[in-house]
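Data block below; observations after.
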Amino acid sequence: GEFLKAQEVAMNNIQIAKQNNYQGLMEPLDSMFVLALSKYAGAKIEEALKIFSKISTIFQFLFDTLYLLKSFVYMFLMYG
């Protein structure tokens, strides 16, 4: 029963983020994770996997961006 409440709150947070055009770093990843877990707990495995896949894609983008930024910082520090 509690996962249904968590799902409702997570969906509300995601809807608010969409209304405010939050994307990339500003996406509500925590709410997306809660929504995926609640879908999984409710035996909606396919829906949960789609959400987990989207979260994974966003994290991969963030990791790649941070790696590139770190490379620029190192180059700046080495070559001024």
Side-chain angles (χ1 to χ4, degrees):
E2 291 295 316
F3 73 91
L4 293 175
K5 291 179 188 176
Q7 181 176 339
E8 183 180 340
V9 171
M11 288 173 43
N12 287 338
N13 288 341
I14 292 168
Q15 187 62 30
I16 290 169
K18 284 182 182 179
Q19 290 172 355
N20 291 307
N21 292 324
Y22 292 160
Q23 297 176 1
L25 288 172
M26 300 300 292
E27 284 197 59
L29 296 175
D30 53 349
S31 295
M32 292 170 63
F33 189 74
V34 169
L35 180 61
L37 288 177
S38 63
K39 294 280 186 186
Y40 185 80
K44 296 182 179 179
I45 308 300
E46 289 295 321
E47 291 179 39
L49 290 176
K50 286 179 185 177
I51 297 169
F52 282 129
S53 177
K54 184 175 180 181
I55 293 170
S56 175
T57 301
I58 293 168
F59 271 117
Q60 184 62 48
F61 170 76
L62 294 175
F63 178 79
D64 292 345
T65 303
L66 290 174
Y67 182 79
L68 183 62
L69 179 62
K70 186 173 93 173
S71 298
F72 283 130
V73 168
Y74 285 149
M75 285 184 357
F76 177 76
L77 292 174
M78 288 176 60
Y79 301 110

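Basis for what follows: all heavy atoms, side chains included, without hydrogens, waters or symmetry-related copies. Not measured: the values here are computed from a predicted model.
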Original post:
Do D64 and Q60 have a side chain donor and acceptor closer than 3.5 Å?
Top reply: yes
Subject >> Test item: S56 side-chain N/O and F52 main-chain N/O as donor-acceptor pair under 3.5 Å >> reply: no
Subject >> Gap between atom CD of E8 and atom CG of L35 - 0.5 Å precision >> reply: 12.0 Å
Original post:
What distance separates Q23 CD from K18 NZ, expressed to the nearest 0.5 Å?
Top reply: 10.5 Å
**OP:** Determine whether M11 and L4 fall in the same hydrophobic cluster, where Ile, Leu, Val, Met, Phe, Trp and Tyr are linked whenever their side-chain heavy atoms lie under 4.5 Å apart.
**Re:** no
Subject >> Atom pair CD (Q19) and CD1 (I14), whose distance is rounded to the nearest 0.5 Å >> reply: 12.5 Å
Subject >> Approximate separation, where rounding is to 0.5 Å, of K54 NZ and M32 CE >> reply: 4.5 Å
Subject >> Salt bridge K5-E2, side-chain N to carboxylate O under 4.0 Å >> reply: yes
**OP:** Please write out which residues are connected to L66 in a hydrophobic cluster, directly or through intermediates, given that two of Ile, Leu, Val, Met, Phe, Trp, Tyr count as joined at side-chain heavy-atom separations below 4.5 angstrom.
**Re:** none
Subject >> Main-chain N/O of L49 paired to S53 side chain as donor or acceptor, under 3.5 Å >> reply: no
Subject >> Other residues, nucleotides, ligands: >12 heavy atoms within 6.0 Å of F3 CZ >> reply: yes
Original post:
What distance separates I51 CD1 from K39 NZ, expressed to the nearest 0.5 Å?
Top reply: 6.0 Å
**OP:** Give a yes or no on whether I55 and L37 share a hydrophobic cluster (residues Ile, Leu, Val, Met, Phe, Trp, Tyr; joining criterion: side-chain heavy atoms under 4.5 Å apart).
**Re:** yes
